[in-house]
Amino acid sequence: MTAVDGDQKTGDTYDARALQDKWQARWAAELPFQGSEDPGDTRPRSYVVDMFAYPSGDLHMGHAEAYAIGDVIGRYRFQRGDNVLHPIGWDSFGLPAENAAIRNDSHPAEWTYANIETQAASFRRYGIAVDWSRRLHTSDPEYYKWNQWLFLRFFERGLAYRKDGQVNWCPQDQTVLANEQVVQGRCERCGADVVRRGLNQWYFRITDYAQRLLDDMDQLDDGRWPDEILAMQRNWIGRSVGADVHFAIEGRDSPVTVFTTRPDTLYGATFFVVAADADLAEELCAPEQRAAFDAYRAEVAKLSDIERQATERPKTGVFLGRYAVNPVNGQRMPVWAADYVLADYGHGAIMAVPAHDQRDLDFALAFDLPVKVVVETGDPDPAETGVATAGEGTLRESGPLDGLTKTDAIDRIIEVLAERGTGDAAVNFRLRDWLLSRQRYWGTPIPIIHCPTCGEVPVRDDQLPVALPELKGAELAPQGVSPLAAATDWVEVDCPACGGPAKRDTDTMDTFVDSSWYFLRYCSPHLDTAPFDSEAVNTWGPVDHYIGGKEHATLHLLYARFFTKVLHDLGMLSFTEPFRRLTNQGQVINEGRAMSKSLGNGVDLGKEIEAYGVDAVRLTMLFASPPEEDVDWADVSCTAAQKFLNRAFRVMSEAGAASAPGTDAAAGDAGLRRITHRSIDQITALVEARRFNVAIARTMELVTAARRAIDSGPGAADPAVREAAEFVAVALSLFAPYVAEEGWERLGHTGSVAVGNWPEADPDLLVQESVTCVVQVQSKVRDKLSVAPDIDPAELEQLALASEKAQGFIGDKQIRKVIVRAPKLVNIVVG
RNA sequence: GUCCGGGUGGCGGAAUAGGUAGACGCGCUAGCUUGAGGUGCUAGUGGCCGUUAAGGCUGUGGGGGUUCAAGUCCCCCCUCGGACACCA
């Protein structure tokens, strides 16, 4: 029984389950939430997108929170009369389906599509106002075909390429991972320790867009995206400014370049370090050091990322038996290989300045290398203290830089290097290219054919999609190479260029490719000639409001921005940023912790809905805290939400029974009307500002005011009561759509409340008859006066000074000053 | 270590062009309603002092400062959470 039992005394209550069934059927029949493509439709367009769901099972509390927030935003735009596009889809490729298929000896599609249906039914029950006709699934060939098409466009532009490299390998999932998918040395998905592996893999050249990804953030700041996300992306992109310096290496024809942010310390460089796993280290190693180097390299290769990144780990390395030459003073510097230098940042080699860089100092002290102070900072000698000095100071023992400040020295040395042709100003980014190959089955096949004579040959557009071969069960078991490799019939093809025997690429794409552009596909989800209709996308897009979790700060949200810029450059989009506004919902936790099976503190969404009804669950989530804050389910009460909804429902019912729609509100009780219009004014602003918890609080106040008017005021038949009750229905349609619909019907309306009913507040009714003015003496409140809102300041001052209570505190003290802020405050300063 | 957020009643949270701190809700207390329980309704509820009362004092992590006035602005510190983490 989902109803709250009523009895003779409490009057009408509603049965949540009956309402859910009734209105779900009505919405399904009447389709009030479709986006219109009619060019003659002049309503303003709103494009609201929730991050689509992964079909891992049924919806859980986290979905309930996120989709409730997106739904309020979408429903508000519907109420404002916009032409709203609020679509829904599924991110349906990915590992869990594959693992389930291996367990159950089935095909990943079975598990995937069954879960999608379960979730779709739950979404309908949850009452989200979406356009079901645009539904998409990324695992449909009609969708992933366009992943392949887009890949080929990237490939043509050199933005998709293959290279050998040390890649992140998850030994559990038996696949490589992008940098963004390695979280603190572990696989983002399964938590296994990631190891390094040398492999030849496909990459997207996201680094080409590093600067634009930074620059375009000025379209996203000022509260449009959370500062936190922008900061995380900025850090992830990691722009550093400094110089490239070319060092001659004895016995090598060409110099080796290093990047440094401290070129001013060049005279303090005492040794040179090459990343141990870089090809350069291999090349520079002198024969007599070969054995030591090989042994060291083998050590390094064994380390997991976790071990490698441990902060207190002592510095290790090996001398390569070679010398570099400092371009400014001819100093010979021993060349070492070490794993604290990263192969894929900068040039994979550094000049080491131990006096002014802590890592170099640690290394120097470990291997007894010289420390030379060239910036006098006033701090004690690094060689003695073990603490490098990185602050401001004055240059010394640095030739032409002597006496300069750090900042001036940086500018000067860059000039010197440039004059001599041994260096230049340079910028470096921490961002790495996006590794997109995956050695797993349930994803988009990479549409490339490898031909022994022609090399990498793209599949022709008219041959797309390259559909997945049918594999299932044990055939999908991870083996370190893609399961696709075993499908020999599928792999072995003729080369599209020369016709000779060739092989398909057997890797699939990272599923983040799918999610990098799905929000564009919604605008023309059934188009079969292009990934999306540019005109439709340019009309709807960019997404006005995007809702989803902040765990995607440096994953999906970064990739989607990158894709949008590339597609813009390809002439397919008019805009360069995909999401105008971003809201990150908080998590639903329980008893202070994330819900988890091991803690046994999970809360089942289905059971909560069963017990309290959808409306009460939605309202509870939205009222508990601001959308971006976490909600602790142990701290909230669905019962309270249920009680409030019943109160609201009774007000709507009683008003509906006592008067008819269309009643002129002007004749109604003026006091209640003022409250109603103030509510309209405030709730409008609060919803616009995404402050749903406060908007709900104001709705509660309005219900209380209407209740009072019915019970001890002008009575249920007063037109002002109807006006209040109708706005209650409209406001609740955002948060608790079922009871809002039913209440609207009780109010005598036919059709849905959900679209185009948002009222404007009447400015005349926003003016209060009287306001409370506080009278302060020495800034402490001593009296309160009821005054007209437009009271003359001089008159107010006189009233305040005349206050007996105020006089009691003034006594015989002299009045020094009177501050009047009519009509709210008067402060009398004595002394 | 660096970078972001936060610290307001017993609890979730309101209030920032500086101007009545604690809206709304939970919980709690009392009363009405009720066969009982719940629901519903009414009143109260930051702390301290005060015989109930009237009233007073105090109060937004701590300490300074600006101001007639500070939860809000400035400086210093403490603390909690998150992200990144050998990025040269």
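Small disclaimer: the values here were computed from a predicted structure and weren't measured. All chains are named by letter (A, B, ...) in the order of the sequence lines, taking the proteins before the strands, and each is independently numbered beginning at 1.
- Put simply, the side chain of A/His347 never gets that close to the backbone of A/Val256: no donor and acceptor are under 3.5 Å apart.
- Side-chain contact check for A/Trp633 and A/Glu608: at least one donor-acceptor pair (N or O, by modelled atom type) lies under 3.5 Å.
- The CH2-P distance, from A/Trp225 to B/rG5, rounds to 17 Å in whole Å.
- The A/Lys315 side chain lies nearest to B/rC86 when the options are B/rG5, B/rC86, B/rC24.
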- [ ] Give RNA chain B the dot-bracket treatment, 5' to 3': Watson-Crick (N1-N3 with N6-O4 or O6-N4) or G-U (N1-O2, O6-N3) under 3.5 Å, [ ] crossing, | other strand.
- [x] (((((((..(((......[....)))((((((.......))))))((((.....))))..(((((..]....))))))))))))....

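- A donor-acceptor contact closer than 3.5 angstrom links the side chains of A/Ser779 and A/Asn827.
- Using a 4.0 Å heavy-atom cutoff across all strands shown, A/Phe272 reaches no nucleic acid atom at all.
- Put simply, CG on A/Asp362 is 13 Å from P on B/rC86, counting in whole angstrom units.
- Looking only at atom types and distance, the side chain of A/Asp379 has no donor-acceptor partner in the side chain of A/Thr389 under 3.5 Å away.
- Looking at the side chain of A/Lys817, the nearest of the listed nucleotides B/rC68, B/rC4, B/rC24 is B/rC68.
- Atom CD of A/Gln807 is surrounded by more than 12 heavy atoms from other residues, nucleotides or ligands within 6.0 Å.
- Residues A/Thr554 and A/Asp360 each lie close to RNA chain B; by heavy-atom proximity, the contact nearer the 5' end of the strand is made by A/Thr554.
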TODO: For each nucleotide in nucleotides 8-16 of chain B, reading 5' to 3', give B when a protein heavy atom comes within less than 4.0 Å of its base, S when such contact involves only the sugar-phosphate, and - otherwise.
DONE: ---SBSSS-

Polar atom pairs between nucleotides 43-49 of chain B and protein, under 3.5 Å, N or O only, would you list them?
none

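- Between A/Tyr340 and the options A/Asp360, A/Asp362, A/Thr316, a side-chain hydrogen bond (donor to acceptor under 3.5 Å, both in side chains) holds for only A/Asp360.
- Taking atom CG of residue A/Asn235 and atom C1' of nucleotide B/rC4, one finds them 8 Å apart after rounding to whole Å.
- Between the side chain of A/Asp630 and the backbone N or O of A/Gln587, at least one donor-acceptor pair lies under 3.5 Å.
- At the phosphate of B/rU2, neither OP1 nor OP2 sits under 4.0 Å from any side-chain N or O atom of A/Arg234.
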Distances under 3.5 Å between nitrogen or oxygen atoms of protein and nucleotides 73-75 of chain B:
none

Identify each atom pair where a protein N or O and an N or O of nucleotides 19-22 of chain B are less than 3.5 Å apart, giving names and distance.
residue: B/rG19; atom: O6; partner: A/Arg821; partner atom: NE; Å: 3.2
residue: B/rG19; atom: O6; partner: A/Arg821; partner atom: NH2; Å: 3.2
residue: B/rG19; atom: N2; partner: A/Gln776; partner atom: OE1; Å: 3.4
residue: B/rG19; atom: N2; partner: A/Asn827; partner atom: ND2; Å: 3.4
residue: B/rU20; atom: O2; partner: A/Lys784; partner atom: NZ; Å: 2.7

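- Contacts classified as salt bridge (Lys or Arg N to Asp or Glu O under 4.0 Å) and involving residues 220-229 of chain A (residues at least two apart or in different chains) are given here: A/Asp221-A/Arg224, A/Asp222-A/Arg224, A/Glu228-A/Lys550.
- Shown here are the ring pair (Phe, Tyr, Trp, His ring centres under 6.0 Å) partners of A/Phe272, two or more places apart in sequence or in another chain: A/Phe247.
- The separation between A/Phe692 atom CZ and B/rC24 atom P is 22 Å, rounded to whole Å.
- Computed from coordinates, the A/Tyr612 OH to B/rC26 P distance equals 14 Å when rounded to whole Å.
- In this structure, of B/rA88, B/rC84, B/rG56, it is B/rC84 that holds the atom nearest to the side chain of A/Val183.
- The side chain of A/Ser240 approaches B/rA88 more closely than any other nucleotide in the set B/rA88, B/rC3, B/rG25.
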Scan nucleotides 58-60 of chain B against the protein and return all N/O pairs shorter than 3.5 Å with their distances rounded to 0.1 Å.
residue: B/rU58; atom: OP2; partner: A/Lys780; partner atom: NZ; Å: 3.0

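- In this entry the distance linking CG of A/Asp711 with P of B/rC32 reads 20 Å, nearest Å.
- Comparing B/rA88, B/rC41, B/rG5 by their nearest atom to the side chain of A/Val341 picks out B/rA88.
- A search for side chain to side chain contact (heavy atoms under 4.5 Å, CB included) contacts involving A/Arg430 returns A/Tyr345, not counting sequence neighbours.
- Of the possible donor and acceptor atoms, one in the side chain of A/Gln181 sits under 3.5 Å from a partner among the backbone N and O of A/Ala178.
- When distances run from any side-chain atom of A/Ile350 to the nucleotides B/rU39, B/rC86, B/rA88, the shortest one goes to B/rA88.
- Residues satisfying the side chain to side chain contact (heavy atoms under 4.5 Å, CB included) test with A/Ala685, not counting sequence neighbours, are none.
- Rounded to a whole Å, the CE atom of A/Met232 is 16 Å from the P atom of B/rC3.
- When distances are taken from the side chain of A/Trp236 to each of B/rA85, B/rC86, B/rA88, the shortest belongs to B/rA85.
- Distance, A/Leu361 CG to B/rC86 P: 18 Å, rounded to whole Å.
- At a threshold of 4.0 angstrom between heavy atoms, the contacts of A/Arg432 include nucleobase atoms, whether or not backbone atoms are also involved.
- The salt bridge (Lys or Arg N to Asp or Glu O under 4.0 Å) analysis of residues 684-695 of chain A, with sequence neighbours excluded, yields the pairs A/Arg80-A/Glu688.
- A distance below 6.0 Å separates the ring centres of A/Phe363 and A/Phe271.
- Residue pairs meeting the salt bridge (Lys or Arg N to Asp or Glu O under 4.0 Å) criterion with at least one partner in residues 821-831 of chain A, sequence neighbours excluded, do not occur; the list is empty.
- Both A/Ala231 and A/Asn428 sit near RNA chain B, but only A/Ala231 has its closest nucleotide nearer the 5' end.
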